[in-house]
Amino acid sequence: ARKELPILPGSAQRATAFAQAAYESAQKDKTVLRAAATWKKCMVPVGISDLPDLPTRMPSDSIIRRFTIKFDISNIPPQVTQEEITLATTDFECRNKAGYEQAFYNAQWSRQATLLAENADELNRVAAQLSKHTTAVLAVIASHAPSR
């Protein structure tokens, strides 16, 4: 495949970079930070010693250790404890009461729209490159498809 296919241009990664920039920008948005502060106050009774300032930074290190969380799909525990369910439910309810998810979504959407508008010319050029790449990939696949 490497011999027959053109290498995907590095500029194709720009869309991912824009998405990451929008995500990071949204985490600094004033409305998002206010909602996060409200979420954090709501979560205080749960007693997480290292509760992060933003819900998007959950689970904290202490929670990862307490529930032996491994970010590996093959290590999903066969059973979730009631303590985990209670914590997750509280986190969810606090995010909702604080309006965090909606604030974060709105801030991220707004920043994505701005980045797309500011970089439309570049993204259109990348789209053309990707179209050519897709055509080349499909041609290689077709040429190696088993005959009937």
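The shortest non-hydrogen separation linking A98 to A35 is CB-O, 3.2 Å. Here the shortest heavy-atom pairing between D61 and D50 reads N-OD2, 3.2 Å. Between W39 and P52, the closest heavy-atom pair is CZ3-O, 3.2 Å.
For Y100 and F92, the ring centers are positioned 6.0 Å apart or more.
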Next on the checklist: Is there a side chain to side chain contact (heavy atoms under 4.5 Å, CB included) between Y23 and Q108? Walk through the geometry before answering.
Outcome noted: CA-CA 6 Å; Y23 180 88; Q108 204 170 356; 3.5 Å; yes
Checklist entry - Given R111 and D29, is the side chain to side chain contact (heavy atoms under 4.5 Å, CB included) satisfied, shown in steps? => result CA-CA 10 Å; R111 186 64 183 135; D29 179 84; over 6 Å; no
Checklist entry - So T31 and N106, side chain to side chain contact (heavy atoms under 4.5 Å, CB included) or not? Walk me through it. => result CA-CA 10 Å; T31 303; N106 291 344; over 6 Å; no
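Taking OG of S131 as the reference point, atom NE2 of H133 lies at 11.5 Å (rounded to 0.5 Å). Atom CD1 in I64 sits 12.0 Å away from atom CZ in R66 (nearest 0.5 Å).
Between T86 and the options Q82, E84, E83, a side-chain hydrogen bond (donor to acceptor under 3.5 Å, both in side chains) holds for only Q82.
M43 and I69 fall within a single hydrophobic cluster, where Ile, Leu, Val, Met, Phe, Trp and Tyr are joined by side-chain heavy atoms under 4.5 Å apart, directly or via other members. No chain of hydrophobic side-chain contacts below 4.5 Å, direct or via other Ile, Leu, Val, Met, Phe, Trp or Tyr residues, connects L54 to M58. A single hydrophobic cluster is seen to contain both L115 and L123, as judged by linkage of ILVMFWY side chains at heavy-atom distances under 4.5 Å, directly or through other members. Residues F67 and V46 share a hydrophobic cluster, clusters being chains of Ile/Leu/Val/Met/Phe/Trp/Tyr side chains in contact below 4.5 Å. Residues L51 and V32 fall into different hydrophobic clusters, defined by Ile, Leu, Val, Met, Phe, Trp and Tyr side chains chained together at heavy-atom separations under 4.5 Å.
Of the charged side-chain nitrogens involved, at least one lies within less than 4.0 Å of a carboxylate oxygen, so that D91 and R95 count as a salt-bridged pair.
Between T38 and R34 the shortest side-chain heavy-atom distance does not fall below 4.5 Å.
Q20 and T16 form no side-chain donor-acceptor contact under 3.5 Å, judged by distance and modelled atom types alone.
S143 places a side-chain N or O within 3.5 Å of a backbone atom of V140 that can act as its donor or acceptor partner.
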